[in-house]
Structure formats: C-alpha cells, structure tokens
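Working notes, beginning with the structure itself.
Treat the numbers as computed from the prediction; the structure is a model and nothing was measured.
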Amino acid sequence: MKARIYYFTGTGNSMRAARVIAQAMGDTEIISMRVNPEEYPATDCDVVGFVYPVYHWTMPAPVAAFVEKLAVNPKAYVFVVTMPSFICGIACERLAEILAKKGAQISYGNIVHSVANYVIVYPPFPSAKLRVPATERKLKRIAADICQQKQRAYPRASAFIRCRRERIMTPYIELQKYADNPFTVSDQCISCGLCSRVCPCHNIVLENGRPTFQHHCANCMACVVSCPKRAIGYEIKGEDRKLLEASSMKTPLVRLMRLPEKRKLYMNPYITAKDLTKEKE
C-alpha cells in the first residue's frame, strides 16, 4: 500500500499534523505543497491525505491551486484534516469540489483547532501551552482513525457561516494581492535567505542580499516567525493606497495590520525553521 500526505504550512501546525499521522501509518511519504504538483502525482497512491490551515474561512488559495493541478487516484482512500483557529468554513467543501472533478471523493474529514498566528493583526492565541497539548491528543485520535481507514463525513459550513463568509471575507480576499506591500526589512537583516527558503508560496527572493516580496503572498507568517534576527516587520504606509482605502467597515482589520517590535510570535513547538524549508520527508 502506498500512502502520501500533502500539507501546506506557514508556522508548522499542518506539518506537525502530517508527521503525527504519517508516523502512525508507517511508510508514508510527506510532501509540502510548495513543490510542483505535477512532479508528485498521487495516481499510484492507495491512501492520499491533505492537511492545511484555514484562511478566510476556506482553504488557502495556494492549496486550491496545488490540488487543482494534482493527479489523484480516484479509488484512493482520501482524508483531509483542516487546522483552523476557530472557524473551518468551507475549507473541506472546497477540497471536495476540486476532487470531484477528478473522480475522487473524501473518505474521512476532521478539524483540529490550532493557535491563531496571524501576528500582523493580533498576538497568538489561545495560549500554546493549552492549545498544543489538546491538538496533539486529537491528532493521535485522528491518526488512529485513518490507520483503520474509517469513514467520516467531512465538516461542512452552516448556512449562517456560509452567508457571513461571503459578506465578511470576500473584501479581504480581494485585497490579498496587496497584502505583502507593507512588509519591511530592518537593518538587522543578515541576508541569510531563510525567509525565502521557508516561504511556501515562493514569494520572497533576495535582491542585493535583501528580501523582496513578489506579491503572491498568502500571509502565512512563515517569514516573520522564522527570521533569526526578527528583521521582518509590517507597517502600512501612505503609498499603500489600496490597503489604506480599504480600511472601512467592510475591512476593519486593515486598521490593525501592523507588527509591533515586542509582539509575541508563534511557531509550532515541534517544528523548526529548518523543517519548514523541506519539500518532502
């Protein structure tokens, strides 16, 4: 039996989940969604897993793009584990829609709540000391289910969440292409290039030794939390006109988007920055 898990991660939660499940399954390959999906098809896999966070109450755009290009065995046992802070929304339903076009379907779906790490808006919460142990316990239960190839309907959004998502999240999704404009790089930068290597979207390149953002950012915070000198900041300035104009009732969080120097950062305690640079295990 050939098994493979594909994951997308910014600060390590999904990578840790993939590792826990793979360890329980044994002889399972783990693939980061930062790779070219056409080079790692799942056509010969008997078990295929997808693990990813939830952005804007749905699956991250890079995850959707990856799965759309991925060839999947339609007869495989497919599982999905989403890792929202609180609201899963349509994160599983979106995956089901994409897989259905390939003739595949989700056999097992589950949610594991994790630490909210959108640190350019708020400090990480709830406490990692409380959330991480609870996450680990649930991951072990999920891993046991998957090892037995249990069937479990994937989570679906309620009518209320579905309606509110369109109203609340759509304006933020439209602003995503401008979201990396306010990233700053201080003189503390040592040109190590780690930010570029951990970015799951290949959104950072070094120009004259300085990180430069390429405007296809998922705001996953990988670069921020991995920088050894905390040289990456976030500050909306006058030239960021699109974001400033968006600071309205439709997008109130834009007013909060900044990264104070003393703000606490979060990375999954079982994952290192070096781990985030890996493409497969």
task = Kindly determine whether Y6 and F66 satisfy ring pair (Phe, Tyr, Trp, His ring centres under 6.0 Å), including the steps that lead there.
result = CA-CA 10 Å; Y6 300 91; F66 181 93; 5.6 Å; yes
message = Please determine whether side chain to side chain contact (heavy atoms under 4.5 Å, CB included) holds for the pair F50 and I98, giving the CA-CA distance in whole Å, both sets of side-chain angles, and the decisive distance to 0.1 Å.
response = CA-CA 12 Å; F50 298 96; I98 297 173; over 6 Å; no
task = Please test Q105 against L99 for side chain to side chain contact (heavy atoms under 4.5 Å, CB included), starting from the C-alpha separation and ending with a verdict.
result = CA-CA 6 Å; Q105 61 182 5; L99 292 176; over 6 Å; no
inquiry  = Run the side chain to side chain contact (heavy atoms under 4.5 Å, CB included) test on M83 and V51 for me, step by step, so that the C-alpha distance in whole Å, both residues' side-chain angles and the decisive distance to 0.1 Å come before the verdict.
reply    = CA-CA 8 Å; M83 305 195 71; V51 185; 4.2 Å; yes
query = Going through the checks in order, is the side chain to side chain contact (heavy atoms under 4.5 Å, CB included) test met by M25 and I146?
reply = CA-CA 8 Å; M25 294 172 62; I146 292 171; 4.0 Å; yes
key: Residues E279, R197; criterion salt bridge (Lys or Arg N to Asp or Glu O under 4.0 Å); working and verdict   = CA-CA 10 Å; E279 295 190 339; R197 297 197 301 276; over 6 Å; no
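Under the 4.5 Å side-chain contact rule for hydrophobic residues, F125 and L130 do not share a cluster. Residues V121 and F213 share a single hydrophobic cluster, defined by chaining ILVMFWY side chains whose heavy atoms lie under 4.5 Å apart. Cluster membership for Y172 and Y118, using ILVMFWY side-chain heavy atoms within less than 4.5 angstrom, is shared. Hydrophobic cluster membership is shared by M33 and V35, with clusters built from Ile, Leu, Val, Met, Phe, Trp and Tyr side chains linked at under 4.5 angstrom. The cluster map of Ile, Leu, Val, Met, Phe, Trp and Tyr, joined by side-chain heavy atoms under 4.5 Å apart, puts V205 and V198 in different clusters.
The closest donor-acceptor contact from the side chain of R34 to the backbone of I31 lies at 3.5 Å or more, if one exists at all. Between the side chain of T82 and the backbone N or O of I111, no donor-acceptor pair lies under 3.5 Å. Put simply, the side chain of S191 gets close to the backbone of G209: a donor and an acceptor are under 3.5 Å apart. In this structure, H56 contributes its side chain and M169 its backbone to no donor-acceptor pair below 3.5 Å. Of the possible polar contacts, one joining the K102 side chain to the L70 backbone as a donor-acceptor pair under 3.5 Å is found.
Annotation for V81 and I21: closest pair CG2-CD1, 4.0 Å, computed over non-hydrogen atoms. The two residues M1 and Q149 have their closest heavy-atom pair at SD-NE2, 3.7 Å. Between A24 and A143, the shortest heavy-atom contact is CB-CB, 3.7 Å. Of all heavy-atom pairs spanning P155 and N110, the tightest one is CD-N, 4.0 Å. Heavy atoms only, all atoms of each residue included: P53 and P60 are closest at O-CD, 3.2 Å. Summarising the geometry of N73 relative to T43, their closest heavy-atom pair is CB-O, 3.4 Å, with the distance given to 0.1 Å.
Expressed to the nearest 0.5 Å, how far OG of S85 lies from CG of N117 amounts to 6.5 Å. Going from atom OG1 of T184 over to atom CD1 of I236 covers 11.5 Å, rounded to the nearest 0.5 Å. Here the SG atom belonging to C192 is positioned 9.5 Å from the NZ atom belonging to K229, to the nearest 0.5 angstrom. Note: I232 CD1 to C195 SG = 4.5 Å, rounded to the nearest 0.5 Å. To the nearest 0.5 angstrom, S196 atom OG is 6.0 Å from L206 atom CG. With rounding to the nearest 0.5 Å, the separation of OG in S127 from NZ in K264 is 6.0 Å.
Looking at P124 and L265, their side chains never come closer than 4.5 Å, going by heavy atoms from C-beta outward. Residues C201 and P62 meet the side-chain proximity criterion, which asks for heavy atoms closer than 4.5 Å. Residues I30 and R19 have side chains in contact (heavy-atom distance under 4.5 Å, counting atoms from C-beta outward). Looking at I190 and P228, their side chains come closer than 4.5 Å, going by heavy atoms from C-beta outward. Residues N268 and T11 fail the side-chain proximity criterion, which asks for heavy atoms closer than 4.5 Å. Side-chain contact between R263 and R230 is present, with at least one heavy-atom pair separated by less than 4.5 Å. The shortest distance between side-chain heavy atoms of S226 and M267 falls below 4.5 Å. Under the 4.5 Å side-chain criterion, counting only non-hydrogen atoms from C-beta, V67 is not in contact with E97.
By the side-chain hydrogen bond (donor to acceptor under 3.5 Å, both in side chains) test, Y55 pairs with no residue at all, sequence neighbours left out. A search for salt bridge (Lys or Arg N to Asp or Glu O under 4.0 Å) contacts involving E174 returns nothing, not counting sequence neighbours. Every residue meeting the salt bridge (Lys or Arg N to Asp or Glu O under 4.0 Å) condition with E68, not counting sequence neighbours, appears here in chain and number order: R94. Scored by the salt bridge (Lys or Arg N to Asp or Glu O under 4.0 Å) test, K2 finds D44 as partners (sequence neighbours excluded).
Checked for salt-bridge contact, R4 and E29 meet the test: a charged N lies under 4.0 Å from a carboxylate O. A salt bridge is absent between K69 and E38: the closest approach of a Lys/Arg side-chain nitrogen to an acidic carboxylate oxygen does not fall below 4.0 angstrom. Salt-bridge formation is detected for the pair K278/D275: a Lys NZ or Arg NE/NH1/NH2 atom is positioned less than 4.0 Å from an Asp or Glu carboxylate oxygen.
Applying the side chain to side chain contact (heavy atoms under 4.5 Å, CB included) test between I90 and each of T58, L95, I161 identifies T58 as the sole match. With N13 as the fixed residue, the side-chain hydrogen bond (donor to acceptor under 3.5 Å, both in side chains) test singles out one of Y7, Y270, Y266: Y266. Paired with D180 under the rule side-chain hydrogen bond (donor to acceptor under 3.5 Å, both in side chains), one option of T212, N203, N219 passes, and it is N203.
For R241, the CZ atom counts as loosely surrounded, since its 6.0 Å shell holds 12 or fewer non-hydrogen atoms of other residues, nucleotides or ligands. Open room surrounds CG on D27; 12 or fewer heavy atoms of other groups in view lie less than 6.0 Å from it. The environment of E239 atom CD is dense: over 12 non-hydrogen atoms of other residues, nucleotides or ligands sit within 6.0 angstrom.
For the ring-ring contact (aromatic ring centres under 6.0 Å, His included) condition, the pairs that include at least one residue of residues 231-264, sequence neighbours left out, are F183-Y234. Sorted by first and then second residue, the salt bridge (charged side-chain N to carboxylate O under 4.0 Å, His left out) pairs involving residues 134-144 (not counting sequence neighbours) are R16-E136.
Ring planes of Y77 and F79: tilted class, angle from 30 to 60°.
A side-chain donor-acceptor contact under 3.5 Å links D145 and Y108. Remark: the Y154 side chain and the R156 side chain contain an N/O donor-acceptor pair separated by less than 3.5 Å.
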